Amino acid sequence: MKRVLTIVLGLTCLAVNAQKKWSLRACVDYATEHNLQVIQNEYSKQAQDLNLKIAKKNYLPSISANMGNTVSFGQTSFGTGSLRNDRFSNSANLGADILVFNYGRLEKTVRKTEFDVEASQYDIETIKNDISLQIAQQYLTTLLNKEIVKISKAAVENAQKQYDRSKITTEIGTTAQTVLAEAEAGLAREKQNLKTAEINVGRSLFALAQLLQLQEYKDFDVEDVDIPDQLAPQLKGVDEVLATAYENQPQIKAAESRIKSAEAQTEINKTAFWPTVTASVGIGTFYNNLLNTNITGRDEFGNLVYERNYFGQYKDNFGQQAAVSLNIPIFNKGITKLQVEQSRLNENIAKVTLQQQKQVIRENVQKAQFDVDANYEIYVSALQAEKSTKLALDFADKSYAAGRSTIYDVNIARNNYANAQGSVAQAKYNYVFSLKLLNFYAGIPLSL
């Protein structure tokens, strides 16, 4: 019983997932979360975060401990002769050193790394924006194809009515057999157009699923969005949109952060001209054992002196030390100077990159504005053409019913009206996408 219930629940979950229809927001959120390029750049961002942590850790002192053991056998030089020197020695040391002065190199390194972290984050946002725009365009293409399917279905219904009417009039002898043949051919053409439109919907859904990188795409579908037929023109100007885009677009911010990073690197390289002051402290002790004797000598009274044990020597030989060192650069083959010049070149490259990014943004905004204006005019013209062809189709139907025109005239009028409807749908969705694109640069999130 439990197994049957599990299977039923599993099938229910599959049915729910199959019935799910994706909104544009859901598509964008899923793509920006699961896209491999986004994930790869997030790892790069994490690497930069670790670099920042490493840079900040350099403020702390370095502490190290070591212990060494040495064994030696044989003769050793002693004046004009030699003596036997079989010896075991052990030493232990603990030391710490800290950078006292390096002309702010640590602070400048931290600041540079912070700019690198910023740039990495903006890179992620740039990729997400690019993916979002691709998703939005393909989503609208899918909606357009669905709209064309509706138009094709209406055309099939009209053609079917025309065929049914022609069949009746032909059977009673009021119209010729050619009329029925043309009506049948017209119905077949409309069914073919409907099938093509349905295939185009499947193709656009497959393309959208590919953008989302979905493994299962056969049951994938999008929400039916009601886009009004009467669309208002865009009122914002290019200069206003550009000002917002320059301020908000992540690729601009990333380029600005990389300029600051390059400038910070120049300051880091300059610190190599200055002295470095390092302080260190340490403690240590050692133990010696003569392997061939335990006598180390005689005291002032002539008595033999014997080696102390391990812990006794460690206690007697314990010592401390402290030091301050100054490292003054004098000549390093001119490498530091060349490194400063190199970093200044990188500053110029970063500044040119910023100008390139601004140029790309400007071109995209201007193109989007041009497309908005042009697509709106096309949309208005398409609406007018649709009204005219609808009126012509109505006249053709009435004229055919009255026997003053042929079925060929009706089919031509119906084809013209279907083409006009398709042109309106195409113009509407082209205008909506160009408007969404322009609004996106103006700082308005993508939505339908």
Side-chain angles (χ1 to χ4, degrees), residues 43-70 89-123 253-288 310-311 313-351:
Y43 284 133
S44 299
K45 165 66 166 48
Q46 293 176 14
Q48 292 294 350
D49 289 336
L50 292 176
N51 289 336
L52 179 58
K53 291 181 179 179
I54 292 172
K56 290 180 177 180
K57 293 291 185 181
N58 285 329
Y59 285 109
L60 301 175
S62 298
I63 301 175
S64 61
N66 65 78
M67 178 175 286
N69 297 285
T70 303
S89 61
N90 169 268
S91 64
N93 297 279
L94 177 66
D97 63 81
I98 188 170
L99 186 63
V100 177
F101 175 80
N102 66 345
Y103 198 65
R105 185 181 185 90
L106 294 182
E107 295 88 345
K108 293 168 183 176
T109 300
V110 169
R111 188 164 64 249
K112 176 197 180 299
T113 311
E114 288 175 342
F115 292 137
D116 291 337
V117 170
E118 285 183 3
S120 296
Q121 182 60 48
Y122 290 135
D123 286 342
K253 291 184 175 292
E256 291 173 344
S257 295
R258 289 193 167 93
I259 290 176
K260 296 175 182 177
S261 175
E263 292 172 344
Q265 183 62 55
T266 300
E267 296 301 317
I268 292 172
N269 292 339
K270 287 181 179 179
T271 61
F273 289 117
W274 290 80
T276 301
V277 179
T278 306
S280 62
V281 295
I283 56 175
T285 186
F286 60 91
Y287 165 78
N288 276 317
Y310 185 85
F311 294 103
Q313 287 195 40
Y314 255 49
K315 180 180 179 181
D316 294 339
N317 298 330
F318 182 77
Q320 309 86 36
Q321 65 179 15
V324 175
S325 61
L326 175 66
N327 181 23
I328 302 175
I330 297 176
F331 178 70
N332 69 339
K333 306 175 186 179
I335 293 177
T336 300
K337 182 179 179 181
L338 292 175
Q339 288 175 337
V340 172
E341 292 180 3
Q342 189 178 48
S343 61
R344 283 176 175 161
L345 284 175
N346 290 335
E347 287 182 38
N348 293 332
I349 293 173
K351 290 176 181 177

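We use all heavy atoms of the structure for the numbers below, so side chains are in, but hydrogens, waters and symmetry mates are not. All of these numbers come straight from a predicted model, not from anything done at the bench.
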Closest non-hydrogen contact found for A272 with P329 is O-CG, 3.4 Å
Atom pair CG/CG of D116 and L52 - distance to nearest 0.5 Å: 9.5 Å
Ignoring hydrogens, what is the shortest heavy-atom contact between A65 and L94? Give both atom names and the distance. CB-CD1, 3.7 Å
Heavy-atom nearest pair, K108 first then Y103, reads NZ-O, 3.4 Å
Any heavy-atom pair between the side chains of Q321 and V281 that's under 4.5 Å? no
Less than 4.5 Å apart, side chain to side chain, heavy atoms only: is that true for T278 and I98? no
Note: E267-K270 ion pair, threshold 4.0 Å (strictly below): yes
Is a side-chain N or O of Q313 found less than 3.5 angstrom from the main chain of N288, in a donor-acceptor match? yes
For S257, is there any backbone N or O sitting under 3.5 Å from a side-chain donor or acceptor partner on S261? no
Please evaluate residues Q265 and N269 with respect to the criterion side-chain hydrogen bond (donor to acceptor under 3.5 Å, both in side chains), reporting the C-alpha separation (whole Å), side-chain torsions for both, the decisive distance (0.1 Å), and the verdict. CA-CA 6 Å; Q265 183 62 55; N269 292 339; 3.0 Å; yes
With E263, which of K351, K112, R258, R344 fulfils side chain to side chain contact (heavy atoms under 4.5 Å, CB included)? K351
How close do T113 and Q48 get, counting heavy atoms only, and between which atoms? CG2-O, 4.0 Å
Between D49 and K53 (salt bridge meaning N to carboxylate O under 4.0 Å), is one present in this structure? no
To the nearest 0.5 Å, tell me how far F101 CZ sits from T271 OG1. 9.5 Å
Roughly how far apart are E347 CD and L345 CG, rounded to 0.5 Å? 9.5 Å
G284 and N93: which non-hydrogen atoms are nearest, and at how many Å? CA-OD1, 3.5 Å
To the closest 0.5 Å, what do you measure between CZ (F331) and OG1 (T336)? 10.5 Å
Check whether the ring centres of Y314 and F318 lie less than 6.0 Å apart, and answer yes or no. no
Hey, could you give me the CG/OG distance between L99 and S280, rounded to the nearest 0.5 Å? 12.0 Å
To the nearest 0.5 Å, what is the distance between CD on E107 and NZ on K56? 12.5 Å
Donor-acceptor contact below 3.5 Å, side chain N58 vs main chain L106: no
Might you point out which heavy atoms bring M67 and N90 nearest each other, and give the distance in Å? CG-ND2, 3.8 Å
